[in-house]
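Structure, as structure tokens:
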There are 2 protein chains.
Amino acid sequence: MTDIGLPGLDPVSDRPVFKQIADHLREAMNGPALPPGSKVPSESQLMTHYGVARMTIRNALQLLQSEGLTVAEHGKGVFVRSRPQVRRLASDRFARRHREQGKAAFIAETEESGGRPSVDSIQISEQEASAEVAKRLGLPAGQSVIVRSRRYLINDHPVETAVSYIPAHIAQGTQITHPNSGPGGIYARLEELGYRLDHFDEEIRSRMPLRDEVKALKLAPGIPVFHLIRTAYADDGQAVEVCDTVMSSDAYVLSYQLPAR
Amino acid sequence: MTDIGLPGLDPVSDRPVFKQIADHLREAMNGPALPPGSKVPSESQLMTHYGVARMTIRNALQLLQSEGLTVAEHGKGVFVRSRPQVRRLASDRFARRHREQGKAAFIAETEESGGRPSVDSIQISEQEASAEVAKRLGLPAGQSVIVRSRRYLINDHPVETAVSYIPAHIAQGTQITHPNSGPGGIYARLEELGYRLDHFDEEIRSRMPLRDEVKALKLAPGIPVFHLIRTAYADDGQAVEVCDTVMSSDAYVLSYQLPAR
DNA sequence: GCCGTCTACTCGTCTAGAGGAGTTGCTCTA
DNA sequence: TAGAGCAACTCCTCTAGACGAGTAGACGGC
């Protein structure tokens, strides 16, 4: 086999065999033997090396995959995940000075870091607000909202899905209801309508993706998602937008500045 | 079997059997048939119901577990995860007004929300800063730092581990090097030493936990962690502390306020 | 040289068993 | 009645096969 210096099993250890094998491979991945992108020995090679059944090897590989350390490619082999380029979300990303340059935050930031941004699956509809959304927007339940959903991609790879909810009485009849919301995005439109933005609240959770999210974001097994809910407030204290986004956690580092005063 | 109304398999679908079974169970968990905390039918019950081999059932259950939806308990059964109480981290949690009340952020917040906070595994040492830490602290590599590591628990359940790095020339000979850092925590001590805190930068990642983290945080399978790195800056722009924390993602919702100006 | 086929190798799915170990509750005995 | 012991049930680990489908390189025919 492609010898990467894997040790043998410890016959006295009571740690299950498949976990021991996973440990060995994890170890090798930390060293030079299995650098990111390299190929892990095949199932049959590992079977021969350790003298165990195929299922035992598969359990070990499965474990590593669920930890997000490897990806299996049908017909090719199992490979050590290489960390993809990440996008840093800074806490000033919605500052007015960026908005005034006429580009939505995502487009501007991605281009700056040398990526090719795109947006697809744009869908716009008018719906009754769910209890959750109504509460965040400070509306009575069942009030009508404009729903804008879309998917963001970098170099044609999906990284984020987003759904925005804007009270219908605000967005109705404006460019916000069009797929192309115009220069600076919907926040620029809201300001033109007289809703001067004051601040945003962001709520962040992390969890494993749902089935649909795995598909929409082409997520590898073992990669969690950020679930971020942002509420935009105008300077009169009124909530004017709620944005619910799900992001591939291996494509993002979130970054915030907190006051100490 | 405890009939929860599971449908049969779709013989024409090309979706693998174990995924179909997982789909059925996931569906049942969304409805009243399998509420949080309830017991999923046993492997042998599912074998009988679907007429498939045990491994196929186990694959399905394994999938749900890796999604963080269920927990298996040896000898008892598989149970639907119930969402634990979460702790909300607000972006003003390090505001001076809190610090001046003499309690560290974690203790104050947890008590406020009705939990019983505790801290254990406190270890303090002096080490050479790693390249990463040195860079964040703005120190030459290899400079000496005081390392404070500890684990936070709520109602005796671990939720977070944290390691702080403070330049030795600042912390040396102060209470910061003692396990009990005194009222208001190390941030209060830093201010007493004349480092008036100006702001914090927080960097957030999400990923699956390492082996040690699973143990330290008693994490169930399929639960990712937040990895948060906070840097504290004094008002002269100097970085005075770096804190590296790993948090169980099912115990936290992070919350930040962003300026729009 | 180019293209299609064949083959060997990869991982994916599934079957049908084995023994082990933790938990629970019943039964039988003292 | 209290306790020990046992049986039945749970999930965990592992074996030894089967067939399927995707990939890539060798090889031969055109």
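Letters go in sequence order (proteins before strands), and every chain restarts at 1. Small disclaimer: the values here were computed from a predicted structure and weren't measured. Below, all heavy atoms of this structure are taken into account, side chains as well, without hydrogens, waters or symmetry copies.
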Residue-phosphate contact under 4.0 Å: T56(B) side-chain N/O, dT15(C) OP1/OP2: yes

Salt bridge flag under 4.0 Å for residues R151(B) and E160(B): no

Atom-pair distance (CD on Q65(B); P on dC12(D)), nearest Å: 7 Å

Given atom CD of Q20(B) and atom C1' of dG12(C), what is their separation to the nearest angstrom? 15 Å

What ring pair (Phe, Tyr, Trp, His ring centres under 6.0 Å) pairs are there with at least one residue in residues 106-134 of chain A, not counting sequence neighbours? F106(A)-Y152(A)

Does the distance from a Lys or Arg side-chain N to an Asp or Glu carboxylate O, for R205(B) and E203(B), drop under 4.0 Å? yes

Tell me the interatomic distance from E43(A), atom CD, to dA16(D), atom P, rounded to whole angstroms. 16 Å

Look at the side chain of A72(B) and decide which nucleotide, out of dT15(C), dC14(D), dC12(D), has an atom nearest to it. dC12(D)

Nucleotide by nucleotide, nucleotides 17-23 of chain D touches protein heavy atoms under 4.0 Å in the pattern (B base, S sugar-phosphate only, - none) -B-BBBS

N or O in side chain of R58(B) less than 4.0 angstrom from dC11(D) OP1/OP2: no

Ranking N59(A) and V78(B) by the position along DNA chain D of their nearest nucleotide, the one closer to 5' is V78(B)

Would you list the pairs meeting ring pair (Phe, Tyr, Trp, His ring centres under 6.0 Å) in which at least one residue belongs to residues 204-223 of chain A, sequence neighbours left out? none

Please report, rounded to the nearest Å, how far the P atom of dT13(D) is from the CG atom of L9(A). 15 Å

Starting at CD1 of I21(B) and ending at P of dT13(C), how long is that distance when rounded to a whole Å? 13 Å

Restricting to salt bridge (Lys or Arg N to Asp or Glu O under 4.0 Å), what partner residues turn up for R81(A), sequence neighbours left out? D250(A)

Figure out the CG/P separation between L61(A) and dG12(C), and round it to whole Å. 9 Å

Options dT15(D), dC12(D), dT13(C), nucleotide nearest the side-chain atoms of F18(B): dT13(C)

What is the distance, to the nearest angstrom, from the CG atom on L46(A) to the C1' atom on dC9(C)? 15 Å

Nucleotide nearest P16(A) when distance is taken to its side chain, options dT10(D), dT13(C), dT13(D): dT13(D)

List in chain and number order the residues that pass salt bridge (Lys or Arg N to Asp or Glu O under 4.0 Å) with E132(B), two or more places apart in sequence or in another chain; answer none if no residue qualifies. R136(B)

Does E73(A) have any salt bridge (Lys or Arg N to Asp or Glu O under 4.0 Å) partners at least two apart in sequence or in another chain, and if so, which? K76(A)

Whole-Å distance, K39(A) NZ to dA24(D) P, equals 11 Å

